[in-house]
Structure formats: C-alpha cells, structure tokens
Amino acid sequence: MDLLADLDRRGLIHDSTDRAALAARLDGGPIGVYVGFDPTADSLHVGHLVGQLYLRRFQLAGHRPFPLAGGATGMVGDPSGRSDERNLLDLETLRHNVSRIEAQLQRILDFSPGRYQARLVNNADWTEPLSLLNFLRDVGKFVTINQMLAKDSVRSRLDSESGLSFTEFSYSLLQANDFRHLYEHEGVEMQAGGSDQWGNIVAGVDLIRRSLGKAAHAMTHPLVTKADGAKFGKSADGAVWLDPDKTSPYQFRQFWMQVDDVMVGRYLQMFSLRPLDALTGVLDEQTGAPGKRVAQRALADELTELVHGAEALAAVRAATDVLFGGDPMLATEATLAAVAREVPASKLQSAALVDLVGVLVGTGLASSNSDARRTLQQKGFRANGVVLTEDSQLTGLPRLHGRFLLLRKGKTNHHLVEIS
RNA sequence: GGGUCGGUACCCAAGCGGCCAAAGGGAGCAGACUGUAAAUCUGCCGGCUCAGCCUUCGUAGGUUCGAAUCCUUCCCGGCCCA
C-alpha cells in the first residue's frame, strides 16, 4: 500500500504540508526524513517510539531515515507544551544523555550500508561551530518576531507568571536551522515529529523556503494518549523506558499487556510494523473475545522483540507463563531460574522465613509492617499460589524445586525468593 | 517596605480549644465480578512491639489540665498599596 495512505489509516497523520505535493515527491524516489529526539533524560521512553517507528516506516517504504539527537537543542530547551522555564542540564549530563540515546536510536532502524541506510546525526555538530553573528545573519534575518510571537507555545508563556526566556524563545530557530542544514547537506527534504512540534517544524520549512527558495515537507503524528486522556507512557513508577536497566524487559512487556481494551486496537495500528491487513485478524479476534487479550499480546510481543530483542522476549514470555499461567508448583527449574532474572527476586536464609511480615516488607511487596498486615487481612498475598493469612507459616510451605518461594501481591506483583 | 489572606496527610480540600491520626474528593493498594481490561461494588489508605502506644496539621517558642485550632518569632506563597 501507498505509504501516506497507510500512515493515514493507522491514525498517524495529524498535520502535514501540502499532501499532494508530498505524495508526488514520495513517488519520485527516495527522500530523506528526519525526526529529532531531545536528550532530556539518559534514555528514550515509549512515548518516543512513535517517532522512531515513523522513521522505520519510511525506511521500509524505501526512504532514508535520519534520527537526530538534539545535542544542541537539548542545551536550550523546547518551550512547547511547557508552562515553566526549563532547568538547563549541565554539559556533562547532556553529553552522557546524548551518547545513551544515540545507542538506542540505532536499534530500530537499519544502519547497514545501502540506499536506504539510516544515518544518525547530532545537531551539536553544526550548531556549536556556528557564530552568533552568522546565526543572526543567516537564520534570524529570515524570521520575523511577529510570526514567532504568534505561536501558541510562545503566546501562552508570555501571559504566564514565569515568562519566557530569550533562550527558550530562540529554540525554534535552532530547530529551523537544523532542518535547513540537513536539507542542504544531507538532502533531507522532510521532517516528522509529534503534533506538539508542528510550529517548530514549520519554522524550518519557512526558513528553507525563504533562504534557499526550496520547498520542504513536514508531517506530524498525533500525540499518543490514554483512554482517560492522561499522558501516555507513564506507569505508577514513572516513565516506561527503553533502557532495560531502567525498565526491565518484563516490566516493558507488562506495560503493553495491561493496555485498556478501548485503546489497544488503536495502539496496535500506531505501533505495529506489521501490515494493516495482517492486523485485521487480530483486531477481529480481540473484538470477538476481548478476554483473551490477543491484541495486547500481539502488541506486547512485537514491541518487546523490537526494543529488547528476540532472546529477551522469549525469556520474558517463559517467565510470564509461570506468573500468569497455571500452578507455579508445576514450573520447571529452568523456568524458575528465568523468572528470577525477570521479576524482582531475592535470596533469603530459611531462618528468615519465620517472620512473615518481615519477608513481605523485605521483598518490597509491602511498604511497611502495617501495610503487610493490612493486605494479609484482605487476602492480598499468595505464596506458591496459596492465599496467606496473618497466621501463615512460610516455613512449612513446600518449596518449588526445593528452594524457591513465589510470592504474589494482588494479581500482578510478583517476587521470587530463593531460599538457602 | 506597608496591609491583607493563606501554608493541613501523595494531591485538592474541610476543620478553627477536648468527641482529631484529622470530614469530603482524587490518586493509590487489596478484595468481589471478569480477563494481567474498563466500569461498578466493598474494605484499606502516618507509623509501631497494633483492644494500646508513638509521631504528624510551614518553623521555633509560649498560653492551657488539654492546641491543627489561641499568642509570639521566623520562613514561604497569593492579592492589594507603595
């Protein structure tokens, strides 16, 4: 199917420059496309996945993706969607973040040599050498303050208490300059991003037209939201990161497994790289029997494999089968060892088992002794599938393969204890 | 700088001398239903050696048999005046 039509049907087009012109250009042969990622943290999170996958979709359709790490723009801070001035990160943190993010950007795209080879760029490379005077002459001259003031992101901040610093005000100029630089030197003719980036992206399109007399293209995707309108990608413990050290592959997959029914179809279309035709079967099955969660499973498996690899996915699935499948007593020893690597786990001396409340707090399943007792009274804890009460003795319970005790709080919180 | 109103638990917000570990709502946790969903219902929601005790109502003192509640100091925030 035609790329634009595909993106459209997936609900991935929020805004675009002249659609017909863009379609004609895409038909004309490979085009360079860029998406920028700001290094505000040392890892990307699931919210960034849409942008990364956008690039991948273009690559699969025969175009050249340019993921951009905002080493320069990250120093300034994007005012879009912010009600307060950003705190600037120090240089060292920023460099660290950029290097971590660069590694993550290399995962989803194909960087092997060829016509469609992805290329990672960092805007610090051309922004740092830029002198202030040249910037004012080559960028500033083409932009009117009137236009900049008209932007929503600027206007809302002008009325606010905290105001808007000149630094953040200038942000969109830097991003516009990025686009022009990539246009001139790398043949990048299109920029994509979230709908909150529309203003910044168009600033680049304008700059290219005014200074080079050329037409560039732009397209944004809708920001992903949850069923209740809340920000996507936040779990109770914070953002869901792509870095396995910050969010384990198990937690990552769980995040997708627990997606609301009402959103899962939409997410599958937005995030899956599989052809839409291949998704209709899954979506039909989901609608017919939502309890089976086939859509959640498909989504979770595909993204976990994409971000963490096939091996990690296999390990996580094996663990999940034990945790959410049948009787843990039936799990093999190898599987339990895998579980130990995927869910929170700890080792305990068998003497420590005497203190039930102590164990529950020690594993982090309960936040305090009071919490542990309370949840026990509410039948919230299980060990090896058996409900615990305040009088339960962990000591007497049969251990899985002689040394494991699988604790569970509620339905989804597990902890594996290895007894020595 | 002057005046004024305010700072209560994770968030919002009542309380305005004892019945206050502190109403109500939200968030969160557990249970029931079901499906690792949503909605709904029920319970919980400072801590502990848990029929009791300890520590909390911006901070530090004071009045009182007794203070989140009254007085004073200081810190922070809103508004008004300069």
A.B. asks: List the residues meeting side chain to side chain contact (heavy atoms under 4.5 Å, CB included) with A:L91, not counting sequence neighbours, and say none if there are none.
C.D. replies: A:M75, A:R95
A.B. asks: Checking A:Q175 against A:D178: is there a side-chain donor and acceptor pair closer than 3.5 Å?
C.D. replies: no
A.B. asks: Go through the structure and list residues passing salt bridge (Lys or Arg N to Asp or Glu O under 4.0 Å) with A:R408, not counting sequence neighbours.
C.D. replies: none
A.B. asks: Would you tabulate the pairs of protein nitrogen or oxygen atoms and nucleotide nitrogen or oxygen atoms of nucleotides 20-22 of chain B closer than 3.5 angstrom?
C.D. replies:
none

A.B. asks: Would you tabulate the nitrogen or oxygen pairs shorter than 3.5 Å linking the protein to nucleotides 52-57 of chain B?
C.D. replies:
none

A.B. asks: Determine which nucleotide pairs with B:U63, using a 3.5 Å limit on both distances of a Watson-Crick or G-U wobble pair.
C.D. replies: none
A.B. asks: Provide, to the nearest angstrom, the distance between the CD atom belonging to A:Q377 and the C1' atom belonging to B:C44.
C.D. replies: 9 Å
A.B. asks: In whole Å, what is the span from the CD atom of A:Q378 to the C1' atom of B:C29?
C.D. replies: 8 Å
A.B. asks: Determine the Euclidean distance between corresponding C1' atoms of B:G2 and B:U56; express it in Å to zero decimal places.
C.D. replies: 35 Å
A.B. asks: A:L223: what forms a side chain to side chain contact (heavy atoms under 4.5 Å, CB included) with it, not counting sequence neighbours?
C.D. replies: A:S195, A:D196
A.B. asks: How would you label the contact of A:D260 with the nucleic acid (heavy atoms, under 4.0 Å): base, sugar-phosphate, or nothing?
C.D. replies: sugar-phosphate
A.B. asks: For nucleotides B:A68 and B:G58, find the distance between their C1' atoms and express it as a whole number of Å.
C.D. replies: 12 Å
A.B. asks: Could you give the distance separating B:A23 and B:A14 at their C1' atoms, to the nearest angstrom?
C.D. replies: 6 Å
A.B. asks: Could you give the distance separating B:C19 and B:C54 at their P atoms, to the nearest angstrom?
C.D. replies: 15 Å
A.B. asks: In whole Å, what separates the C1' atom of B:C57 from that of B:A21?
C.D. replies: 10 Å
A.B. asks: Taking atom types as modelled, is there a side-chain donor on A:N123 or A:Y34 under 3.5 Å from an acceptor on the other?
C.D. replies: no
A.B. asks: What is the distance, to the nearest angstrom, from the CD atom on A:E285 to the P atom on B:G35?
C.D. replies: 16 Å
A.B. asks: Can you confirm whether the side chains of A:D38 and A:T40 place a donor and an acceptor under 3.5 Å from each other?
C.D. replies: no
A.B. asks: With a 3.5 angstrom cut-off on both distances, give the Watson-Crick or G-U wobble partner of B:C20, or none if there isn't one.
C.D. replies: none
A.B. asks: NA contact type, A:G380, heavy-atom cut-off 4.0 Å: base, sugar-phosphate, or nothing?
C.D. replies: sugar-phosphate
A.B. asks: Any protein N or O atoms within reach of nucleotides 45-47 of chain B? Criterion: under 3.5 Å, listing atom names and distances.
C.D. replies:
from: B:G47; atom 1: OP1; to: A:S368; atom 2: OG; distance (Å): 3.2
from: B:G47; atom 1: OP2; to: A:R374; atom 2: NH2; distance (Å): 3.1

A.B. asks: Going by the side-chain hydrogen bond (donor to acceptor under 3.5 Å, both in side chains) test, which pairs reach into residues 258-271 of chain A, not counting sequence neighbours?
C.D. replies: A:D261-A:Q296
A.B. asks: Mind checking side-chain hydrogen bond (donor to acceptor under 3.5 Å, both in side chains) for A:S172 and listing every partner two or more places apart, or none if nothing turns up?
C.D. replies: none
A.B. asks: A:K409 NZ to B:G28 P: how many Å, rounded?
C.D. replies: 13 Å
A.B. asks: For the pair made of CG in A:L360 and P in B:C29, what is the distance, rounded to whole Å?
C.D. replies: 17 Å
A.B. asks: Check side chain to side chain contact (heavy atoms under 4.5 Å, CB included) between A:L149 and all other residues, then give those that pass, not counting sequence neighbours.
C.D. replies: A:I145, A:V154, A:L158, A:F169
A.B. asks: Any idea how A:F255 and A:F232 line up, ring-wise: parallel (<30°), tilted (30 to 60°), or perpendicular (>60°)?
C.D. replies: perpendicular
A.B. asks: Paired with B:G1 by Watson-Crick or G-U wobble geometry, both distances under 3.5 Å: which nucleotide is it?
C.D. replies: B:C81
A.B. asks: Which side-chain hydrogen bond (donor to acceptor under 3.5 Å, both in side chains) pairs, counting each pair once, include a residue from residues 330-346 of chain A, with sequence neighbours left out?
C.D. replies: A:T332-A:T335, A:E333-A:R403, A:S346-A:H415
A.B. asks: Nearest-nucleotide wise, let me know which of A:F324 and A:K379 is further upstream toward the 5' end of RNA chain B.
C.D. replies: A:K379
A.B. asks: Show me the pairs that pass side-chain hydrogen bond (donor to acceptor under 3.5 Å, both in side chains) and involve residues 46-72 of chain A, at least two apart or across chains.
C.D. replies: A:R56-A:Q59
A.B. asks: Given the rule in the ring pair (Phe, Tyr, Trp, His ring centres under 6.0 Å) test, do A:F252 and A:W241 qualify, once you have shown the distances and angles that lead to the verdict?
C.D. replies: CA-CA 8 Å; A:F252 181 86; A:W241 304 100; over 10 Å; no
A.B. asks: Between B:G61 and B:G52, how many Å separate the two C1' atoms, rounded to a whole number?
C.D. replies: 31 Å
A.B. asks: Rounded to whole Å, please give me the gap between CG in A:L283 and P in B:A37.
C.D. replies: 20 Å
A.B. asks: Rounding to an integer number of angstrom, what distance separates B:U64 and B:G77 when you compare their C1' atoms?
C.D. replies: 31 Å
A.B. asks: NA contact type, A:N413, heavy-atom cut-off 4.0 Å: base, sugar-phosphate, or nothing?
C.D. replies: sugar-phosphate
A.B. asks: For B:A32, what is the paired nucleotide under Watson-Crick or G-U wobble rules, both distances under 3.5 Å?
C.D. replies: B:U40
A.B. asks: For the pair made of NZ in A:K292 and C1' in B:U36, what is the distance, rounded to whole Å?
C.D. replies: 16 Å
A.B. asks: Provide the distance between the two C1' atoms, one in B:A22 and one in B:U69, to the nearest whole Å.
C.D. replies: 11 Å
A.B. asks: Round to a whole Å and report the spacing from NE2 of A:H414 to P of B:U36.
C.D. replies: 11 Å
A.B. asks: What pairs with A:D206 under side-chain hydrogen bond (donor to acceptor under 3.5 Å, both in side chains), at least two apart in sequence or on another chain?
C.D. replies: A:R209
A.B. asks: Taking the nucleotide of RNA chain B with the closest heavy atom to each, which residue, A:D261 or A:G410, is nearer the 5' end?
C.D. replies: A:G410
